[in-house]
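Notes for the one structure printed next.
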Amino acid sequence: MKVLANDGISEAGKTALKEGGIELLDAKVSQEQLADFINQNEVDVLLVRSATKVRQDLIDACPGLKIIGRGGVGMDNIDVEYAIDKGLYVINTPKASSRSVAEMVFAHFFTLARFLHESNRLMPLEGESNFNALKKSFSNAFELQGKTLGVIGFGGIGQEVLKMGISLGMKVKVLTRNPKTETLTLEFFDGQMANFQISTENDINTFLEGVNFLSINTPASDSYIIDKAQFEKMQDGIYIVNTARGGVINEVELLNFIESGKVAGAALDVFESEPKPELALLMNPSLSLSPHLGGNTIDAQEKIGRELAEQIIEIKRNSK
């Protein structure tokens, strides 16, 4: 069995594939040349992340392909149902990067609550000449303990965000399409564990009441989850972080509500016009910005590589 990891794979993944008797091709192929490369090299497994697209035309052009794998959660760059209908296995790693994305959410929350995004911009420019004025301008900061954390989405990432919020002493609320109740377990360094029963709600208007920090952790959406009507229901001074997908929040309205003071600050790791975010977003001092880094940690990539390799090995074993 031959594997092409076109967007890369971790050393842990490479090792696991090798130990499983699977050949990994060392190549990075352009989208335009991908079908020819797969056919000429008799590739059985195509692994991608977000860069490579696996659409119907590629699937049709590569009849020898058996498995398509996505390193991460979202599958919007793969025509999943079409591939399955064609008899291919489609695999991903929905939980491998959850912790890394959740930590990114709180990195942005802490940054916003303590004005670190602005401080890091201005200290190199004005730190020597305007130190006391900068100190005063950044003094209206907040702790997260005791504040209300609202999380939209209750998948692996949403649950990790909730666990971090609980560990910080935050109150938590969760929005899902259908109400549900699940138990979250927090594990500590000394082996102790604490269970928390979390019930979600499905009315966004009541959900937004009292939320101080809002995290969006949903799959890609065909329409805005947060638009003008939702902004109007929010508590004044809310902080918002989107590490989900571009297009779940109306960026134009976000800027309007930042300007009005309704939104105290926001962080975007994903963008509607990615990979070329709008200049108005890039230049806004109330935004903390990162270039789609949510799952990009060494730890997450190691987990992703291992999980993909394990799934491929299992499919190979069951196909004999």
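Because the structure is predicted, anything quoted here is derived from the model rather than measured.
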Apply the test salt bridge (Lys or Arg N to Asp or Glu O under 4.0 Å) to residues Glu118 and Arg121: give CA-CA distance (whole Å), side-chain angles for both, the deciding distance (0.1 Å), then the verdict. CA-CA 5 Å; Glu118 293 185 76; Arg121 289 170 182 155; 5.9 Å; no

Leu58 to Ile38 - nearest heavy-atom pair and separation: CD1-CD1, 4.5 Å

Closest heavy-atom pair, Gln301 versus Gly295, reported as atoms and distance to 0.1 Å, is NE2-O, 2.9 Å

Got Leu46 and Asn6 here, is their nearest side-chain heavy-atom distance under 4.5 Å? yes

Here the gap from Phe231 atom CZ to Ile238 atom CD1, rounded to the nearest 0.5 Å, amounts to 9.0 Å

Name all residues meeting the salt bridge (charged side-chain N to carboxylate O under 4.0 Å, His left out) criterion together with Lys86; count only those two or more places apart in sequence or in a different chain, and write none if there are none. Asp60

Greater than 12 external heavy atoms within 6.0 Å of Lys262's NZ: yes

Look up atom OG1 in Thr52 and atom CG in Asp7, then write down how far apart they are to the nearest 0.5 Å. 3.5 Å

Residues in ring-ring contact (aromatic ring centres under 6.0 Å, His included) with Phe271, at least two apart? none

Can you see which heavy atom on Leu134 is nearest to which on Met123, and at what distance? CD1-SD, 3.9 Å

Evaluate the side-chain proximity of Asn296 to Ser100: yes if any heavy-atom separation is below 4.5 Å, no if none is. no

Report yes if some heavy atom in the side chain of Lys173 is under 4.5 Å from a heavy atom in the side chain of Thr148; otherwise report no. yes

Does Tyr82 offer a backbone N or O that forms a donor-acceptor pair with the side chain of Asp79 under 3.5 Å? no

Thr243/Asn217 under side chain to side chain donor-acceptor pair (under 3.5 Å): CA gap, chis, key distance, verdict: CA-CA 6 Å; Thr243 55; Asn217 303 108; 3.2 Å; yes

Any side-chain heavy atom of Ile152 sitting closer than 4.5 Å to one from Ile225? yes

Looking just at side-chain N and O atoms, do Glu209 and Asn205 make a donor-acceptor pair shorter than 3.5 Å? no

My understanding is that only residues two or more places apart in sequence, or in another chain, count here; which of them pass salt bridge (charged side-chain N to carboxylate O under 4.0 Å, His left out) with Lys2? none

Given the rule in the side chain to side chain contact (heavy atoms under 4.5 Å, CB included) test, do Lys316 and Ile22 qualify, once you have shown the distances and angles that lead to the verdict? CA-CA 9 Å; Lys316 179 186 176 185; Ile22 294 172; 4.1 Å; yes

Is the backbone N or O of Ala96 less than 3.5 Å from a side-chain atom of Thr93, with the two atoms forming a donor-acceptor pair by type? no

Kindly state each residue pair satisfying salt bridge (Lys or Arg N to Asp or Glu O under 4.0 Å) with at least one member in residues 210-235, sequence neighbours excluded. none

Where is the tightest heavy-atom contact between Val248 and Pro219, given as atom of each residue plus distance? CG1-O, 4.0 Å

Drop me the distance from Ile315's CD1 to Ile91's CD1, to the nearest 0.5 angstrom. 5.0 Å

Side chain to side chain donor-acceptor pair (under 3.5 Å) between His108 and Ser288, worked out: CA-CA 7 Å; His108 277 300; Ser288 178; 2.8 Å; yes

Who passes side chain to side chain contact (heavy atoms under 4.5 Å, CB included) against Ala107, sequence neighbours left out? none

Which residues pass the ring-ring contact (aromatic ring centres under 6.0 Å, His included) test with Phe207, sequence neighbours left out? none

Could you give me the CA-CA distance, side-chain angles and deciding distance for Glu201 and Thr206, then say whether side chain to side chain donor-acceptor pair (under 3.5 Å) is met? CA-CA 8 Å; Glu201 52 190 294; Thr206 58; 3.0 Å; yes

Show your working on side chain to side chain contact (heavy atoms under 4.5 Å, CB included) between Ser215 and Phe109 and close with a plain yes or no. CA-CA 9 Å; Ser215 177; Phe109 276 148; 4.1 Å; yes

Just by distance, with hydrogens left out, do Asn195 and Thr185 show a side-chain donor and acceptor under 3.5 Å apart? yes

Flag side-chain contact, heavy atom, 4.5 Å: Glu314 against Gln311: no

Would you indicate whether Phe131, at its atom CZ, is surrounded by more than 12 heavy atoms from other residues, nucleotides or ligands within a distance under 6.0 Å? no

Taking Leu293 as the starting point, is it possible to reach Val73 by hopping between hydrophobic residues whose side chains are less than 4.5 Å apart? no

Taking C-beta and beyond as the side chain, do Leu17 and Ile9 meet within less than 4.5 Å on heavy atoms? yes

Got a donor-acceptor contact below 3.5 angstrom from the Asn130 side chain to the Glu126 backbone? no

Once you round to the nearest 0.5 Å, how far does CD of Gln56 lie from CG of Asp85? 9.5 Å

Kindly give the heavy-atom pair with the smallest separation between Met164 and Ala102, and that separation in Å. CE-CB, 3.5 Å

Taking Ile84 as the starting point, is it possible to reach Ile67 by hopping between hydrophobic residues whose side chains are less than 4.5 Å apart? no

Can you label the angle between the Phe110 ring and the Phe106 ring as parallel, tilted or perpendicular, going by 30° and 60°? tilted

Roughly how far apart are Leu214 CG and Gln230 CD, rounded to 0.5 Å? 10.5 Å

Find the distance between CG (Leu281) and CD (Glu272) and round it off to the nearest 0.5 Å. 8.5 Å

With a 6.0 Å cut-off (strictly less than), is the heavy-atom count around CG of Asp236, excluding the residue itself, greater than 12? yes

Salt-bridge test for Arg99 and Glu103: reply yes if a basic N is under 4.0 Å from a carboxylate O, no otherwise. yes

If Ile, Leu, Val, Met, Phe, Trp and Tyr residues are connected whenever their side-chain heavy atoms lie under 4.5 Å apart, and connections chain through other members, are Val270 and Met104 in the same group? no

Mind checking whether Tyr239 and Phe142 have parallel, tilted or perpendicular rings, split at 30° and 60°? perpendicular

Main-chain N/O of His292 paired with Ser290 side-chain donor or acceptor, under 3.5 Å: no

Crowded around Lys53 NZ? As in, over 12 foreign heavy atoms under 6.0 Å? yes

Measure the shortest side-chain to side-chain distance between Leu282 and Leu287 over non-hydrogen atoms and say whether it is less than 4.5 angstrom. no

Is there a chain of hydrophobic side chains (I, L, V, M, F, W, Y, each step under 4.5 Å between heavy atoms) that links Ile249 to Ile258? yes

Take Ile166 and Leu186 through the test side chain to side chain contact (heavy atoms under 4.5 Å, CB included) and record every step on the way to the result. CA-CA 9 Å; Ile166 292 169; Leu186 273 66; 4.1 Å; yes

May I ask whether Leu116 and Leu289 are part of the same hydrophobic cluster, defined by side-chain heavy atoms of I, L, V, M, F, W, Y residues being less than 4.5 angstrom apart, directly or through others? no

Between Lys18 and Leu24, is any pair of side-chain heavy atoms under 4.5 Å apart? no

What closest approach, in Å, do Val211 and Gly150 show between heavy atoms, and which atom pair accounts for it? CG1-N, 3.7 Å

Tell me whether Glu143 at atom CD has more than 12 heavy atoms from other residues, nucleotides or ligands lying less than 6.0 Å away. no

Around atom CD1 of Ile298, are there more than 12 heavy atoms of other residues, nucleotides or ligands at under 6.0 Å? no

